[in-house]
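So the structure is just underneath, and the comments pick up after that.
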Amino acid sequence: MDEEEPPVLTAVSSSARQLFMLLRCIAFASKAHVTISEEGVKLSVDEASVMEASVFLDKSLFTTYTFRAPPPQPNPEHSDSDDDEPEPNTAPNFQISLTALLETLQIFGLTDPSSTRPPWARDNPYPTSTAFSNNVLGMNNLCRISYDSPGAPLSIVLTEASIRTSCDLTTYEPDYADEIPFDRHSLAFKTIMRGSWLYDAISELSSTSPEKLTMYAKTVRGKPFFALSSSGTLGSARVEFNNEPRPSAFRTLAPANPSIGDDAPEPQTNLLETFQLSDPQDILRSTYKFSLVQKAARAMSVSTKVSVRADTQGVLSLQFMVEVESAGSGAPGGKISFVDFRFVPLVEDEEDDVGGGDVDETLMQNGNASDHEDSDTSML
Amino acid sequence: MRFKASIHNVATFTKLTASLNSLGPLAWVKLGEEQICFTIIPEQGTQVWAVLSVDSIFETISVQSAAHNVINLEVPLASLTRALKSALNATSATIRLTKKDGVPVLALTIVTTTSSNAYSAFPANNDNRPDASSADDSSGGSRETIVTQEIPVKVLSPDTVAGLHEPRCREPDVHIMLPPLMQLKSISDRFTKLALADAKTGSGSVASKPRLEVAANMHGCLRMSIQSDAMSISSVWTDLINPDLDPNEVDGGEAGIADHPSTRMKLLGTADGRSKEGWATVRIDGRDWGKVMSVGRLGGRVVACFCHEHALILYVYLPSEHSDDESVLTYYVSSYSA
């Protein structure tokens with residue numbers, strides 16, 4: 001009956017690799033929720049409702065992107081009430097197997113004969129390239145995604161040389177509707193730094209296989225201070241990000257630039273590009289499950305920048321800016337995409353608070369005075 | 001019973017035994033003056049009947065036996081492959097059948113000449129060394145190393161092998177030249193991995209062995225697909241070649257070709273592979289198929305014959321310098337029912 005309906009989504013990408021690079025960032029669950037809208041496709045995964053991650057594939061990533069909102073579900077009683085105006089919640093939403101999608105996108109390049117043999121050594125019985133071959137015309141590695149109608153499979157067609165691979169991913173009913181609430185209007189803390197620095201910090205801390213990750217942020221004498229501390233059965237460790245570059249031999253992360261001194265922080269030389277605390281007098285402290293934060297490691301490693309935010313409820317949002325390589329002869333420079341992670345904080349009990357207070361104290365002292373070992377040497 | 005041969009193409013022989021070894025541990029090797037047959041009949045899975053011309057592997061051969069100068073052996077392929085691998089850099093390699101402590105063995109004698117370059121690292125030259133042997137001097141600093149590898153085998157009597165016959169199959173519906181096997185293998189391996197990963201995460205009711213569906217039509221299309229609960233994926237190759245049948249090889253000559261199932265299949269289907277008609281399909285085990293594909297390292301032409309819902313027969317023609325001698329490996333893959 002819906003034969004005449006145009007498909008809900010038709011999108012063509014000239015680089016399946018781009019999509020793969022982005023989707024790999026959230027590949028920690030086997031199923032992903034897909035939401036299709038006018039602006040692009042959003043894929044999100046969640047873990048036990050305490051963590052969720054999403055990638056937004058903007059329509060600019062595709063060479064063609066056609067979206068037609070499906071007609072509202074036929075409802076005999078209210079059939080002619082909302083005819084002209086599509087409801088805002090008609091964006092198709094379903095689940096697919098993310099592992100299957102990733103494997104499919106990787107089929108590319110497997111069959112590229114040029115990678116295995118030089119052109120003169122290739123077997124002749126097979127058709128060789130002509131002026132109209134796909135790879136000469138720049139038509140190889142085409143990836144076409146389409147979704148016909150609600151309930152239909154999400155189909156991906158990859159075209160490469162004389163091989164056409166098509167994959168129909170079964171679409172499942174979505175099993176959750178609510179996102180982890182993150183109130184971006186009442187932020188407790190926000191900072192922006194390089195993704196690789198956060199990655200270094202997390203991989204450094206992971207060596208003791210900790211259970212908890214605690215985030216501290218405060219302002220010390222007008223200078224931002226940010227620390228990540230891990231604790232587990234084997235002990236605890238802490239990585240500090242200090243926006244006080246000093247001409248010290250022990251400071252390796254910040255470039256030694258004596259002209260900065262105690263002036264206002266400059267974006268180039270600072271670890272933390274932006275630093276905002278809702279209450280500069282207060283120390284922000286919240287704890288998350290380390291193993292969950294670690295799942296964002298791949299996103300950290302490929303991102304250029306990360307925005308770390310926490311709202312007043314303690315929900316942590318990590319927003320990664322990922323530059324994907326542009327597809328061949330497209331616009332110069334890479335396109336920018338965003339990968340989002342959200343984490344629900346761990347509830348701290350009384351005992352932890354007592355212990356935590358101590359940690360805060362040491363931190364306070366470190367920042368305040370000159371008894372921090374690094375600062376110490378520099379003060380000499 | 002005597003068998004002695006010198007191997008002139010160690011690399012090909014090694015690749016052959018290695019790819020055969022992935023299908024079964026033991027091979028029935030039939031040695032003759034004209035051709036050598038390797039046959040592997042595993043408990044389940046793909047059978048291989050390989051017929052090689054003597055020239056493709058051996059330089060000189062002498063086979064003598066009471067039974068029309070044919071020797072039948074049961075050879076452990078893993079040991080043979082290992083022995084051949086050590087002969088890859090040999091200057092000459094010979095193989096002969098002998099007996100050691102009453103056990104028949106295939107003795108592979110490998111002669112390696114280490115060139116004098118290998119000694120250039122030594123600062124002193126031979127003339128200044130009083131203890132330099134004269135033998136070394138005469139051979140210009142090169143040395144010969146002789147290694148003999150012995151592979152225990154079993155001699156099969158003609159009666160034992162008399163009951164073994166190549167599978168017979170009806171005339172194929174579709175015959176097609178396959179794309180390079182390594183390309184096929186990389187895709188089919190990924191399909192199998194996908195289906196396995198899905199079976200693991202999904203419900204336990206899914207069959208443990210992934211069934212790969214391979215189909216072809218008479219218009220140059222090959223399709224490989226796999227289905228699971230979460231997905232169905234298929235790859236289609238187009239512009240392949242359907243070789244013409246030789247009237248001399250088909251029963252009934254020209255009339256036989258007109259009646260041949262493939263002629264009827266030619267009327268169905270299209271060259272873009274989008275039509276639903278005209279496909280001859282077989283269902284095979286994904287892992288088994290991956291093993292069969294390992295013959296791709298030999299790099300020959302492969303013609304696949306599809307008997308719809310019944311069997312898939314692969315003819316792998318080994319490349320050789322002399323175009324007149326044909327070495328063919330025949331793989332019989334039977335289809336699982338749906």
Side-chain angles (χ1 to χ4, degrees), chain A residues 16 20 27-32 34 45 94-117 121-130 132-134 143 152-173, chain B residues 176-203 210 219-243 271-274 293 296-303 316-317 319:
Chain A
F20 174 70
F28 57 84
S30 60
K31 290 250 173 73
V34 182
V45 292
F94 51 84
Q95 272 195 99
I96 55 161
S97 160
L98 183 61
T99 40
L101 175 61
L102 283 172
E103 286 287 334
T104 310
L105 291 176
Q106 278 187 87
I107 287 210
F108 264 132
L110 275 182
T111 56
D112 191 8
S114 56
S115 58
T116 51
R117 280 185 184 191
R122 279 181 219 157
D123 288 339
N124 268 333
Y126 307 108
T128 50
S129 64
T130 66
F132 299 103
S133 297
N134 279 333
C143 168
L154 182 76
S155 52
I156 294 157
V157 180
L158 306 163
T159 323
E160 186 178 22
S162 62
I163 309 167
R164 193 179 67 239
T165 303
S166 53
C167 178
D168 286 343
L169 295 164
T170 313
T171 51
Y172 300 92
E173 288 285 317
Chain B
I176 193 165
M177 200 112 99
L178 292 186
L181 289 194
M182 291 325 257
Q183 189 188 82
L184 267 182
K185 182 175 158 64
S186 60
I187 290 196
S188 69
D189 282 356
R190 197 162 285 268
F191 279 16
T192 314
K193 200 173 130 198
L194 257 175
L196 278 175
D198 190 57
K200 226 180 279 168
T201 53
S203 57
H219 298 274
C221 302
L222 174 79
R223 184 180 66 198
M224 202 154 61
S225 53
I226 204 157
Q227 292 192 354
S228 71
D229 289 350
M231 63 181 305
S232 78
I233 183 165
S234 70
S235 283
V236 178
W237 281 258
T238 52
D239 302 328
L240 301 172
I241 296 162
N242 297 102
D272 62 359
R274 289 176 202 271
M293 289 293 104
R297 67 187 104 173
L298 285 165
R301 285 174 303 133
V302 185
V303 175
V316 181
Y317 296 94

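Convention: sequence-line order gives letters A, B, ...; per-chain numbering from 1.
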Checklist entry - Does the side chain of A:T104 reach to within under 4.5 Å of the side chain of B:M231, using non-hydrogen atoms? => result yes

Item to check | Point-to-point distance, once rounded to the nearest 0.5 Å, from CH2 of B:W237 to CZ of A:R164 | outcome: 12.0 Å

Checklist entry - Can you tell me how far CZ of B:R190 sits from OG1 of A:T165, rounded to the nearest 0.5 angstrom? => result 11.0 Å

Checklist outcome for this item: Distance col, row B:I233:CD1 vs A:L158:CG, nearest 0.5 angstrom, shows 7.5 Å

Checklist entry - Quick one: OG on B:S234 to CG on A:D168, what's the gap to the nearest 0.5 Å? => result 7.5 Å

Item to check | Any side-chain heavy-atom pair of B:Q183 and A:I163 under 4.5 Å | outcome: yes

Item to check | For A:T170 against B:D229, the heavy-atom pair lying closest together | outcome: OG1-O, 2.9 Å

